[in-house]
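Right, one structure below, let's go through it.
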Amino acid sequence: MCKGLAALPATCLKSAKDMKHRLGFLLQKSDSCDYSSSHGKKEKISSSQRLSQEEVRKWADSLENLIHHDRGLAAFRAFLKSEYSEENIEFWVSCEDYKKTKSPAKLSPKARKIYDEFISVQATKEVNLDSCTREKTSHNMLEPTLSCFDEAQRKIFTLMEKDSYRRFLKSPYYLDLVSPPGAGCGPENCKRNHTHTLDCNSNIISQCA
(Lines give C-alpha, C1' and ligand atoms only; values in the text may rest on other atoms or scores of the structure.)
Protein backbone atom coordinates (compact mmCIF):
# COMPACT_ATOMS: atom_id res chain seq x y z
CA MET A 1 0.00 0.00 0.00
CA CYS A 2 1.28 3.49 -0.85
CA LYS A 3 2.32 5.83 2.03
CA GLY A 4 -0.56 8.23 1.33
CA LEU A 5 -3.16 5.54 1.85
CA ALA A 6 -1.30 4.01 4.79
CA ALA A 7 -1.43 7.35 6.56
CA LEU A 8 -5.23 7.44 6.39
CA PRO A 9 -7.26 6.08 9.34
CA ALA A 10 -8.70 2.59 8.91
CA THR A 11 -12.25 3.95 9.13
CA CYS A 12 -11.62 6.24 6.11
CA LEU A 13 -10.26 3.35 4.06
CA LYS A 14 -13.28 1.22 4.96
CA SER A 15 -15.64 4.07 3.96
CA ALA A 16 -13.86 4.48 0.64
CA LYS A 17 -14.15 0.75 -0.09
CA ASP A 18 -17.85 0.80 0.81
CA MET A 19 -18.41 3.77 -1.49
CA LYS A 20 -16.64 2.02 -4.36
CA HIS A 21 -18.73 -1.11 -3.82
CA ARG A 22 -21.96 0.89 -3.80
CA LEU A 23 -21.02 2.77 -6.98
CA GLY A 24 -20.26 -0.51 -8.71
CA PHE A 25 -23.60 -1.94 -7.63
CA LEU A 26 -25.50 1.15 -8.81
CA LEU A 27 -23.76 1.08 -12.21
CA GLN A 28 -24.65 -2.60 -12.65
CA LYS A 29 -28.24 -1.88 -11.68
CA SER A 30 -28.40 1.04 -14.13
CA ASP A 31 -27.11 -1.15 -16.99
CA SER A 32 -29.64 -3.82 -16.06
CA CYS A 33 -32.48 -1.28 -16.07
CA ASP A 34 -31.36 0.13 -19.42
CA TYR A 35 -31.35 -3.35 -20.90
CA SER A 36 -34.75 -4.18 -19.43
CA SER A 37 -36.19 -0.91 -20.71
CA SER A 38 -34.72 -1.44 -24.17
CA HIS A 39 -35.84 -5.06 -24.21
CA GLY A 40 -39.33 -4.04 -23.16
CA LYS A 41 -39.53 -1.47 -25.96
CA LYS A 42 -38.46 -4.06 -28.51
CA GLU A 43 -41.15 -6.45 -27.27
CA LYS A 44 -43.79 -3.71 -27.54
CA ILE A 45 -42.65 -2.80 -31.05
CA SER A 46 -42.63 -6.40 -32.27
CA SER A 47 -46.01 -6.97 -30.65
CA SER A 48 -47.53 -3.93 -32.36
CA GLN A 49 -46.12 -5.03 -35.70
CA ARG A 50 -47.74 -8.48 -35.58
CA LEU A 51 -50.35 -9.09 -38.21
CA SER A 52 -53.38 -11.00 -36.98
CA GLN A 53 -55.27 -13.47 -39.15
CA GLU A 54 -58.44 -11.51 -38.45
CA GLU A 55 -56.90 -8.35 -39.97
CA VAL A 56 -55.73 -10.23 -43.05
CA ARG A 57 -59.14 -11.84 -43.56
CA LYS A 58 -60.77 -8.39 -43.52
CA TRP A 59 -58.70 -7.49 -46.59
CA ALA A 60 -60.87 -9.91 -48.57
CA ASP A 61 -64.03 -8.01 -47.59
CA SER A 62 -63.20 -4.98 -49.73
CA LEU A 63 -60.40 -3.23 -51.56
CA GLU A 64 -60.97 -0.28 -49.25
CA ASN A 65 -60.13 -2.41 -46.19
CA LEU A 66 -57.00 -3.64 -47.92
CA ILE A 67 -55.48 -0.35 -49.03
CA HIS A 68 -56.38 1.53 -45.85
CA HIS A 69 -54.24 -0.93 -43.87
CA ASP A 70 -50.50 -0.20 -44.01
CA ARG A 71 -49.47 -3.86 -44.38
CA GLY A 72 -52.30 -4.54 -46.80
CA LEU A 73 -51.29 -1.60 -48.96
CA ALA A 74 -47.67 -2.81 -48.97
CA ALA A 75 -48.70 -6.36 -49.97
CA PHE A 76 -51.02 -5.09 -52.71
CA ARG A 77 -48.34 -2.72 -54.02
CA ALA A 78 -45.86 -5.63 -54.18
CA PHE A 79 -48.42 -7.70 -56.11
CA LEU A 80 -49.11 -4.90 -58.61
CA LYS A 81 -45.39 -4.39 -59.04
CA SER A 82 -45.08 -8.07 -60.00
CA GLU A 83 -47.71 -7.42 -62.69
CA TYR A 84 -46.04 -4.17 -63.82
CA SER A 85 -49.15 -2.15 -62.96
CA GLU A 86 -48.08 -0.41 -59.76
CA GLU A 87 -48.88 2.99 -61.32
CA ASN A 88 -52.55 2.51 -60.36
CA ILE A 89 -51.95 2.24 -56.62
CA GLU A 90 -49.26 4.93 -56.77
CA PHE A 91 -51.75 7.31 -58.39
CA TRP A 92 -54.38 6.48 -55.77
CA VAL A 93 -51.91 7.09 -52.92
CA SER A 94 -50.75 10.36 -54.52
CA CYS A 95 -54.37 11.55 -54.71
CA GLU A 96 -54.94 10.68 -51.06
CA ASP A 97 -51.84 12.65 -50.11
CA TYR A 98 -52.89 15.57 -52.34
CA LYS A 99 -56.28 15.85 -50.60
CA LYS A 100 -54.46 16.43 -47.30
CA THR A 101 -52.72 19.56 -48.64
CA LYS A 102 -53.37 22.45 -46.26
CA SER A 103 -51.53 25.27 -48.00
CA PRO A 104 -53.44 26.76 -51.01
CA ALA A 105 -50.09 27.84 -52.47
CA LYS A 106 -49.00 24.20 -52.74
CA LEU A 107 -52.10 22.96 -54.56
CA SER A 108 -51.11 24.01 -58.05
CA PRO A 109 -47.53 22.60 -58.08
CA LYS A 110 -48.63 19.33 -56.43
CA ALA A 111 -51.55 18.96 -58.83
CA ARG A 112 -49.30 19.59 -61.81
CA LYS A 113 -46.80 17.00 -60.61
CA ILE A 114 -49.52 14.33 -60.29
CA TYR A 115 -50.99 15.25 -63.66
CA ASP A 116 -47.63 15.12 -65.43
CA GLU A 117 -46.69 11.83 -63.81
CA PHE A 118 -49.96 9.90 -64.22
CA ILE A 119 -52.43 11.60 -66.59
CA SER A 120 -50.79 13.66 -69.32
CA VAL A 121 -50.13 12.17 -72.77
CA GLN A 122 -46.41 11.97 -72.00
CA ALA A 123 -46.87 10.73 -68.41
CA THR A 124 -44.11 8.41 -67.19
CA LYS A 125 -46.64 6.30 -65.24
CA GLU A 126 -49.81 6.87 -67.26
CA VAL A 127 -52.95 5.35 -65.73
CA ASN A 128 -55.80 3.91 -67.78
CA LEU A 129 -58.55 6.59 -67.92
CA ASP A 130 -61.33 7.09 -70.42
CA SER A 131 -61.08 10.17 -72.64
CA CYS A 132 -63.95 11.96 -70.89
CA THR A 133 -62.40 11.65 -67.41
CA ARG A 134 -58.98 12.58 -68.75
CA GLU A 135 -60.35 15.68 -70.44
CA LYS A 136 -62.26 16.76 -67.34
CA THR A 137 -59.18 16.30 -65.16
CA SER A 138 -57.12 18.32 -67.63
CA HIS A 139 -59.69 21.12 -67.38
CA ASN A 140 -59.43 20.99 -63.58
CA MET A 141 -55.74 21.84 -63.86
CA LEU A 142 -56.66 25.42 -64.82
CA GLU A 143 -57.76 26.07 -61.24
CA PRO A 144 -56.69 23.11 -59.06
CA THR A 145 -58.78 22.32 -55.97
CA LEU A 146 -58.60 19.52 -53.40
CA SER A 147 -61.22 17.60 -55.40
CA CYS A 148 -59.75 18.03 -58.89
CA PHE A 149 -58.60 14.36 -59.06
CA ASP A 150 -61.63 12.82 -57.36
CA GLU A 151 -63.28 11.42 -60.47
CA ALA A 152 -60.04 10.07 -61.91
CA GLN A 153 -59.18 8.50 -58.54
CA ARG A 154 -62.61 6.82 -58.36
CA LYS A 155 -62.17 5.39 -61.87
CA ILE A 156 -58.79 3.90 -61.01
CA PHE A 157 -60.13 2.53 -57.72
CA THR A 158 -63.00 0.81 -59.58
CA LEU A 159 -60.55 -0.55 -62.16
CA MET A 160 -58.35 -2.07 -59.44
CA GLU A 161 -61.40 -3.38 -57.57
CA LYS A 162 -62.78 -5.26 -60.57
CA ASP A 163 -59.47 -6.49 -61.90
CA SER A 164 -56.20 -6.62 -59.97
CA TYR A 165 -57.79 -6.84 -56.50
CA ARG A 166 -59.56 -10.09 -57.42
CA ARG A 167 -56.33 -11.57 -58.73
CA PHE A 168 -54.51 -10.43 -55.59
CA LEU A 169 -56.90 -12.42 -53.38
CA LYS A 170 -56.04 -15.58 -55.36
CA SER A 171 -52.30 -14.92 -55.38
CA PRO A 172 -49.59 -16.11 -52.96
CA TYR A 173 -49.20 -12.48 -51.88
CA TYR A 174 -52.50 -12.85 -50.02
CA LEU A 175 -52.96 -16.61 -49.57
CA ASP A 176 -49.60 -17.07 -47.85
CA LEU A 177 -50.56 -14.41 -45.30
CA VAL A 178 -54.10 -15.62 -44.62
CA SER A 179 -53.14 -19.30 -44.26
CA PRO A 180 -52.68 -20.25 -40.58
CA PRO A 181 -49.02 -20.99 -39.58
CA GLY A 182 -48.22 -24.68 -39.71
CA ALA A 183 -51.26 -25.50 -41.83
CA GLY A 184 -50.95 -28.54 -44.01
CA CYS A 185 -50.67 -28.50 -47.74
CA GLY A 186 -54.29 -28.19 -48.81
CA PRO A 187 -55.56 -28.56 -52.39
CA GLU A 188 -55.14 -24.85 -53.14
CA ASN A 189 -51.70 -24.61 -51.56
CA CYS A 190 -50.39 -27.66 -53.37
CA LYS A 191 -51.32 -26.20 -56.74
CA ARG A 192 -49.01 -23.26 -56.19
CA ASN A 193 -45.39 -23.41 -57.26
CA HIS A 194 -43.18 -23.64 -54.17
CA THR A 195 -40.34 -21.54 -55.52
CA HIS A 196 -42.71 -18.79 -56.62
CA THR A 197 -44.29 -18.79 -53.16
CA LEU A 198 -40.92 -18.24 -51.47
CA ASP A 199 -40.11 -15.38 -53.83
CA CYS A 200 -43.46 -13.73 -53.12
CA ASN A 201 -42.98 -14.04 -49.37
CA SER A 202 -39.62 -12.32 -49.66
CA ASN A 203 -41.18 -9.47 -51.62
CA ILE A 204 -43.99 -9.00 -49.10
CA ILE A 205 -41.62 -9.02 -46.12
CA SER A 206 -39.35 -6.42 -47.70
CA GLN A 207 -42.32 -4.20 -48.56
CA CYS A 208 -43.97 -4.48 -45.13
CA ALA A 209 -40.83 -4.02 -43.06
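In this chain, numbering begins with 1 at the start of the sequence shown. Just so we're clear, the structure is a prediction, and the values are computed from it rather than from any experiment.
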With the side chain counted from C-beta on, respond yes when Met160 and Phe168 share a heavy-atom pair under 4.5 Å apart, and no when they do not.
-> no
Search all heavy atoms of Tyr174 against all heavy atoms of Leu169 and return the closest pair with its distance.
-> CD2-O, 3.4 Å
For residues Val127 and Leu159, determine if any side-chain heavy atom of one lies less than 4.5 Å from a side-chain heavy atom of the other.
-> no
Go through the steps to decide whether Tyr115 and Ser138 satisfy the test side chain to side chain donor-acceptor pair (under 3.5 Å), and finish with yes or no.
-> CA-CA 8 Å; Tyr115 180 82; Ser138 299; 2.8 Å; yes
Any donor and acceptor pair, going by atom type alone, linking the side chain of Glu126 with main-chain N or O of Glu117 inside 3.5 Å?
-> no
Heavy-atom donor-acceptor pair, Ser52 side chain to Glu55 backbone, under 3.5 Å | yes
Separation of Asp150 CG from Cys95 SG (nearest 0.5 Å) | 8.0 Å
Closest non-hydrogen atoms of Ser164 and Phe79, given as atom of the first, atom of the second and distance, are O-CE2, 3.3 Å
Look only at the side chain of Tyr165 and the backbone of Glu64, and say whether a donor-acceptor pair between them is shorter than 3.5 Å.
-> no
Between CG of Asn88 and CZ of Phe76, what distance do you get to the nearest 0.5 Å?
-> 8.0 Å
Heavy-atom neighbours of Lys99 NZ exceed 12 at 6.0 Å = yes
Check whether any side-chain heavy atom of Thr137 lies under 4.5 Å from a side-chain heavy atom of Glu151, and answer yes or no.
-> no
Distance-only, no hydrogens or angles: does the Tyr173 side chain make a donor-acceptor pair with backbone N or O of Leu80 under 3.5 Å?
-> no
At their closest point, which heavy atom of Ser108 faces which heavy atom of Pro144, and how far apart are they?
-> CA-CG, 4.0 Å
Separation between OG of Ser85 and CG of Asp163, rounded to the nearest 0.5 Å | 8.0 Å
Flag the pair Phe149 / Asn140 as yes when at least one side-chain heavy-atom distance between them is below 4.5 Å, and no otherwise.
-> no
What is the distance from atom CD1 of Ile156 to atom CG of Asn128, rounded to the nearest 0.5 Å?
-> 6.5 Å
With a 4.5 Å limit on heavy-atom distance, are the side chains of Leu129 and Phe118 in contact?
-> no
So, Asp130 and Thr133: side-chain donor and acceptor under 3.5 Å apart, yes or no?
-> yes
Distance-only, no hydrogens or angles: does the Arg77 side chain make a donor-acceptor pair with backbone N or O of Glu86 under 3.5 Å?
-> no
Just wondering, do Lys58 and Asp61 contact through their side chains at under 4.5 Å, heavy atoms?
-> yes
Hey, could you give me the CD/CD1 distance between Glu90 and Ile114, rounded to the nearest 0.5 Å?
-> 12.0 Å
Crowding at CD, Glu96 (>12 non-hydrogen neighbours, <6.0 Å) = yes
Any side-chain heavy atom of Leu177 within less than 4.5 Å of one from Trp59?
-> yes
